[in-house]
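Written out below as structure tokens is the structure these notes cover.
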There are 2 protein chains.
Amino acid sequence: MGFRERRQREFLDRERVFLEAARELIRDEGLLGFQMARLAESCEYSVGTLYQHFGSKEDLLVALTTATATEHVRLFARVGNWQAPSRERLFAIAVADSIFVQRNPEYFRIAQYTLCEVVWRAASPDRRSEFMAETAEPIRTIVNGIIADAVASGDLSLGVLTQDSVAAGFWALTCGVHDLVHAEGVCDAYQTEDPYRLLCRHTNLMLNGFDWKPLIDPHDEAALDALIHRIQNEVFHDLCDHT
Amino acid sequence: MGFRERRQREFLDRERVFLEAARELIRDEGLLGFQMARLAESCEYSVGTLYQHFGSKEDLLVALTTATATEHVRLFARVGNWQAPSRERLFAIAVADSIFVQRNPEYFRIAQYTLCEVVWRAASPDRRSEFMAETAEPIRTIVNGIIADAVASGDLSLGVLTQDSVAAGFWALTCGVHDLVHAEGVCDAYQTEDPYRLLCRHTNLMLNGFDWKPLIDPHDEAALDALIHRIQNEVFHDLCDHT
DNA sequence: TCTTTTTTTGAATGATGTTCAAGATGGCGC
DNA sequence: GCGCCATCTTGAACATCATTCAAAAAAAGA
């Protein structure tokens with residue numbers, strides 16, 4: 001008799017309900033005013049039930065970050081499966097990132113907070129491992145795969161670098177751009193152009209820096225646009241406006 | 001009679017005492033357990049007096065971040081005044097960053113938290129403006145100055161880019177590396193080598209990507225070491241071990 | 001239908017950030 | 001010196017939430 005399994009399923013469903021409601025509450029009222037009691041009330045459950053799922057508020061935030069990041073990973077996975085020259089595929093990672101951010105404008109705000117020592121340390125080890133297993137590891141696998149292909153096909157020569165350190169460079173650039181976007185007021189001066197176009201542009205420049213073939217002309221805006229559009233059409237067809 | 005000024009001076013002194021004590025408390029017991037009452041007690045003042053200086057805990061954290069960042073800016077200012085080819089000077093910014101981090105290992109942990117929406121928004125507008133005026137603006141001025149020199153001397157051609165967008169690229173890379181370092185556990189895989197060496201290496205690669213003359217061979221480790229050492233000796237002589 | 005187990009509940013608890021009325025201090029005129 | 005006034009300091013009281021847990025409700029099993 002599967003009543004135990006049904007229970008389990010219902011429990012997981014309710015967890016998803018809580019997370020979805022949390023996302024909405026945070027979107028509408030900000031992370032600053034987010035309260036556990038309010039979340040429980042909005043779902044018509046008691047706080048006790050909420051705490052059945054999440055050991056603490058920090059735990060919930062890590063879980064929410066993980067859940068959202070899953071979509072992020074799915075976009076990256078498309079790029080991982082895309083048949084194209086290695087350089088275009090790594091570039092497509094930056095495009096995937098831009099698309100993800102446009103669809104989840106709140107994500108990095110929450111993630112930035114969640115990944116701070118203060119919150120991260122206060123979450124349970126289980127939630128933290130879950131985050132790493134479902135997010136950091138898959139992304140690393142995908143990106144390293146592209147780098148490995150590039151090396152195998154002769155597009156890239158690692159020299160003294162490792163796959164991970166090349167990946168870390170692109171990862172850092174991407175994170176930094178997200179910081180830039182969300183460091184509200186701190187860096188308005190840098191926000192003269194669309195920051196995610198800046199990410200694409202700089203990813204391309206960095207690819208040139210790695211001498212990743214085929215090299216491109218960094219000043220050719222039309223080519224950059226064309227490449228971005230092509231990737232949007234070929235890989236993220238269903239997620240982008242048909243412009 | 002300057003008794004009013006003396007008061008003012010004493011008030012500012014006490015503020016510095018609070019900030020220094022806060023830094024120590026956070027270093028010793030972590031940001032997680034940092035409490036206003038404890039800070040007041042450790043300075044032998046009442047909480048009320050502490051609140052005379054800082055409107056809220058968040059306010060204090062922003063002030064602490066600003067105070068520490070001042071040293072950061074001073075290191076950058078040395079680079080700004082250093083007489084050297086433009087490319088070496090921009091590279092030296094990355095070196096300055098590494099040195100700063102080694103001397104202030106806690107800084108980015110605190111800054112990452114402080115610059116999150118949740119904390120940043122809760123701080124007073126005055127403290128926020130102070131941060132920008134004493135940190136973001138000076139850094140921007142220094143870096144843009146180097147970029148302007150590079151353009152003037154023909155080492156760099158901006159093309160479609162602006163000074164700010166070039167600066168943003170290096171800024172993002174740097175921030176991203178700090179994230180990488182502090183995303184404890186999240187990205188252990190990337191931490192196979194000293195992350196600040198990685199920052200230097202990738203800054204160099206990005207300089208190549210910008211076609212910033214003179215180009216260097218990215219695989220020449222000895223040259224990279226030599227350059228880092230030279231900058232340490234010429235610019236940060238007093239802050240580095242004489243190795 | 002009754003008993004046992006599991007789940008849910010929400011008032012009570014506890015930890016902290018913040019306030020503010022009362023008290024202490026110190027300059028200043030006499 | 002002395003008392004008056006403005007200013008500063010104090011810390012107990014307050015407010016806000018996160019979290020707990022004993023009791024109630026619901027569900028499963030006999």
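Each chain gets a letter, A, B and so on, in the order the sequences are listed, and its residues count up from 1. Remember, it's a predicted structure, so these values are computed and weren't measured experimentally.
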*asked:* Counting only heavy atoms from other residues, nucleotides and ligands, does the tally under 6.0 Å from CD of Glu44(B) exceed 12?
replied: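 Not more than 12 within 6.0 Å, no.
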*Heavy atoms of other groups near Gln8(B) CD, more than 12 under 6.0 Å*: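 At most 12 heavy atoms, drawn from other residues, nucleotides or ligands, come within 6.0 Å of this atom.
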Could you state the atom-to-atom distance from [atom1] of [X] to [atom2] of [N] in whole Å?
X: Leu25(B); N: dT16(C); atom1: CG; atom2: P; value: 13 Å
X: Asp59(B); N: dT19(C); atom1: CG; atom2: P; value: 11 Å
X: Phe18(A); N: dT8(C); atom1: CZ; atom2: C1'; value: 11 Å
X: Glu41(B); N: dG17(C); atom1: CD; atom2: C1'; value: 16 Å
X: Phe11(B); N: dC8(D); atom1: CZ; atom2: C1'; value: 10 Å
X: Phe54(A); N: dT8(C); atom1: CZ; atom2: P; value: 14 Å
X: Glu44(A); N: dG10(C); atom1: CD; atom2: C1'; value: 16 Å

*Among Tyr51(A), Phe11(A), Tyr45(A), the one residue meeting ring-ring contact (aromatic ring centres under 6.0 Å, His included) with Phe18(A)*: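 Result: among Tyr51(A), Phe11(A), Tyr45(A), Tyr45(A) is the only option passing the ring-ring contact (aromatic ring centres under 6.0 Å, His included) with Phe18(A).
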*Please check the phosphate of dT9(C) (OP1 and OP2 only) for any side-chain N or O of Ser46(A) closer than 4.0 Å.*
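For dT9(C), OP1 or OP2 has a side-chain N or O of Ser46(A) closer than 4.0 Å.
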*Which word best sums up how the rings of Phe108(B) and His178(B) line up, parallel for under 30°, tilted for 30 to 60°, or perpendicular for over 60°?*
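Judged by the thresholds at 30° and 60°, the geometry between Phe108(B) and His178(B) is parallel.
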*Between Asp59(A) and Ser124(A), a side-chain donor and acceptor under 3.5 Å*: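 Per modelled atom types, Asp59(A) and Ser124(A) side chains form a pair under 3.5 Å.
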*asked:* Go through it in stages, so that I can follow the logic: the residues are Leu60(A) and Leu50(A), the test is side chain to side chain contact (heavy atoms under 4.5 Å, CB included), and I'd like the CA-CA distance, side-chain angles, deciding distance and then a yes or no.
replied: CA-CA 9 Å; Leu60(A) 183 146; Leu50(A) 180 55; 4.1 Å; yes
*Could you run through nucleotides 17-27 of chain D and give me one letter per nucleotide, 5' to 3': B if any protein heavy atom sits under 4.0 Å from the base, S if only the sugar-phosphate is that close, - if neither?*
SSBB------S
